Each structure stands twice: as C-alpha cells, then as structure tokens.
Amino acid sequence: MSKAPVTKEVATIQLPRLDVQLLHVRLVGDSPLICHAWSHKAKKQMLDRQMKKARAGKEAKVPEQDYEDSLYKLPEGRYGFPAVAFKSAAVSACRFADGVRMTEARGAFHIVGEMVTIEGEPKPREDMVRVGMGTADIRYRGEFKAWSVDLAVRFNANALSAEQIVNLLNTAGFGVGVGEWRPERNGSYGMFHVASTEEAA
C-alpha cells in the first residue's frame with residue numbers, strides 16, 4: 001500500500017516596514033568646546049609601542065603645532081568634530097530619560113556623516129594635566145568658545161520619535177556633553193542645547 005505524499009507547509013514571513021525618516025537639528029554650545037584629535041605623531045608613537053620599536057628621546061614641545069594637531073580640519077579651511085560623539089552623548093543621555101534604553105537607542109538613530117562642521121573660530125588654550133602615574137604635563141589644544149553644529153539624523157520612527165531624539169540631544173547637552181572635560185568626565189565644557197526656532201532661523 002503506497003503512502004500519501006507528505007506536503008510541507010511554507011511559512012510566510014511578514015516583516016514590518018522600516019519607517020526611516022530624516023531630522024535636521026541645530027545644537028548651540030552653552031560652554032566652550034575643547035578639541036583633542038589624535039595627531040599623526042601620537043598615532044605613530046602608539047603604533048611604534050605596539051610593534052616593540054625602540055623609543056626615541058622625547059621631542060621638544062611645540063605649542064603651536066600641538067594646538068593645530070588638536071583640531072579636526074575639513075576642506076576649505078573649516079573645522080569639524082566627530083559625528084559619533086553626538087550620538088554617543090545622546091545614547092548616554094538615556095540614563096536620564098524615561099522609556100528609552102541605551103541598547104535600543106544605539107540602533108534606532110544615526111548621525112549622518114563621519115564629521116560635522118563646527119560653526120565658530122578656534123583659539124589655543126593651555127592646560128596643566130595629569131598623565132600616567134600622576135605626572136604633570138602641559139597641553140595645548142583648540143577651543144571654540146562660541147560654537148554650533150547642524151546634525152542630520154536618520155532614525156527609525158517605529159522605534160523612536162523625532163521628539164524623543166530631540167529630547168535625548170537636549171538632555172545630552174546638559175548632562176553628558178562632548179569633547180574634553182565634558183560633564184560626563186566631571187567637567188563643564190562641551191555643553192549644548194537644541195536651538196530654538198529663533199536660534200535656528
């Protein structure tokens with residue numbers, strides 16, 4: 001007696017459509033932004049240590065060069081700042097906001113581009129810092145006393161609303177900040193707020 005053929009049911013998978021939207025936000029600095037880009041010299045020294053190369057004697061400090069190397073330079077003489085810094089600040093701000101978890105926020109929005117343009121003029125600053133085992137050193141870095149940036153934010157509206165993203169950025173500007181000596185690192189620099197309608201005009 002022959003057996004009846006076995007038919008397999010094919011499951012139909014239905015995926016909800018992503019609702020990807022674009023949001024433009026202007027952030028205005030509330031305290032000076034201190035830059036500290038990795039210089040070519042610093043990256044080479046790090047690579048040399050990892051490759052077990054013999055270390056040369058310590059070079060003489062050149063304040064003007066250290067200042068120039070601390071800035072993120074863009075074409076046409078403009079200055080920038082890593083876009084990921086603002087995303088990281090907004091994700092960290094989830095600790096202060098109800099209803100949004102850091103793990104969910106990381107995949108719910110992205111800042112477009114690698115660098116965002118800083119509107120403002122940098123000035124050199126000199127700071128005493130502690131490095132290594134508490135050794136004192138002098139650092140020369142670029143500082144923007146008055147600054148603003150325009151962010152283009154791509155987000156999944158099914159996960160976060162535009163209002164939630166703006167709230168996270170505003171909260172991040174007060175409690176997290178960006179750059180050196182920001183609130184997240186026990187400082188008060190790199191603070192910002194989302195521009196009002198009048199400021200954004």
Side-chain angles (χ1 to χ4, degrees), residues 22-44 46 63-97 102 105-127 129 131 139-155 160 162 164-196 199-201:
L22 186 64
L23 172 69
H24 291 278
V25 182
R26 169 164 287 192
L27 305 180
V28 178
D30 291 323
S31 61
L33 171 63
I34 304 175
C35 295
H36 193 183
W38 285 98
S39 67
H40 174 73
K41 181 176 74 173
K43 289 187 282 189
K44 185 178 184 304
M46 186 182 299
E64 183 62 29
Q65 188 62 53
D66 288 350
Y67 158 68
E68 291 289 343
D69 289 343
S70 74
L71 297 166
Y72 299 92
K73 295 179 181 177
L74 300 177
E76 301 177 357
R78 307 198 76 177
Y79 298 96
F81 203 80
V84 70
F86 295 97
K87 174 172 180 175
S88 296
V91 170
S92 292
C94 291
R95 293 172 294 173
F96 310 115
M102 293 173 68
R106 283 193 185 97
F109 75 97
H110 306 282
I111 309 297
V112 177
E114 184 176 344
M115 289 279 174
V116 295
T117 302
I118 299 178
E119 298 296 336
E121 286 298 321
K123 299 292 182 185
R125 61 175 289 139
E126 178 186 273
D127 294 301
V129 298
V131 296
R139 291 280 165 82
Y140 298 92
R141 294 170 291 194
E143 172 188 74
F144 292 84
K145 288 189 179 295
W147 61 279
S148 64
V149 295
D150 290 317
L151 304 182
V153 186
R154 293 182 73 238
F155 68 101
L160 280 181
Q164 285 176 305
I165 291 172
V166 169
N167 181 54
L168 283 178
L169 286 169
N170 221 27
T171 304
F174 181 80
V176 183
V178 291
E180 296 290 286
W181 292 357
R182 59 190 181 271
E184 190 179 39
R185 293 288 183 264
N186 299 321
S188 58
Y189 289 82
M191 298 172 66
F192 56 85
H193 67 271
V194 175
S196 64
E199 289 175 309

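These figures come from a predicted structure and were not determined experimentally. Here, residue 1 is the first one in the sequence, and each next residue gets the next number.
Shown here is F96, whose CZ atom has more than 12 heavy atoms of other residues, nucleotides or ligands within 6.0 Å.
The side-chain hydrogen bond (donor to acceptor under 3.5 Å, both in side chains) check on T171 picks up nothing, with sequence neighbours excluded. Partners of A85 according to the side chain to side chain contact (heavy atoms under 4.5 Å, CB included) rule, which considers only residues two or more places apart in sequence or in another chain, are F81, V178. Residues satisfying the salt bridge (charged side-chain N to carboxylate O under 4.0 Å, His left out) test with R125, not counting sequence neighbours, are D127, E143. Under the ring-ring contact (aromatic ring centres under 6.0 Å, His included) criterion, F192 pairs with F86, not counting sequence neighbours. Not counting sequence neighbours, the partners of R185 by the side chain to side chain contact (heavy atoms under 4.5 Å, CB included) test are R182.
Going from atom CG of L33 over to atom CZ of F144 covers 7.0 Å, rounded to the nearest 0.5 Å. Put simply, SG on C35 and OH on Y189 are 13.5 Å apart, with the number rounded to the nearest 0.5 Å. One distance of note links CG of L23 with CG of L160; it measures 11.0 Å at 0.5 Å rounding. The CG atom of L169 sits 12.0 Å away from atom CD of Q164, with the distance rounded to the nearest 0.5 Å. In this structure, CG on L168 lies 10.5 Å from CE on M102, to the nearest 0.5 angstrom. Note that the NE2 atom of H110 and the CG atom of L151 stand 14.5 Å from one another [nearest 0.5 Å].
S31 and S188 make their closest contact through OG-O, 2.8 Å (heavy atoms, listed as atom of the first residue, atom of the second, distance). Heavy-atom minimum distance, C94 versus A105: SG-CB, 3.7 Å. Here the closest heavy-atom approach between residue M115 and residue G80 is recorded as SD-C, 4.3 Å. Residue V28 comes nearest to S148 through the heavy atom pair CA-CB, 4.2 Å, listed as atom of the first residue, atom of the second, then distance. In plain terms, the two heavy atoms of A83 and G113 that are nearest each other are CB-O, 3.3 Å. Closest approach of A172 to A89, counting heavy atoms only: CB-O, 3.3 Å.
Taking the side chain as every heavy atom from C-beta outward, V25 and I165 never approach each other to under 4.5 Å. Looking at L27 and V194, their side chains come closer than 4.5 Å, going by heavy atoms from C-beta outward. At least one side-chain heavy atom of V91 sits less than 4.5 Å from a side-chain heavy atom of F109. In this structure, the side chains of M191 and F174 come closer than 4.5 Å at one or more pairs of heavy atoms. The closest side-chain heavy-atom distance from R139 to E180 is not below 4.5 Å.
The side chain to side chain donor-acceptor pair (under 3.5 Å) pairs that include a residue from residues 111-123 are R78-E119, where partners are two or more places apart or lie in different chains.
With W181 as the aromatic partner, R141 meets the cation-pi criteria of under 6.0 angstrom to the ring centre and within 45 degrees of the ring axis.
Distance alone, capped at 3.5 Å, places no donor-acceptor pair between the W147 side chain and the D30 backbone.
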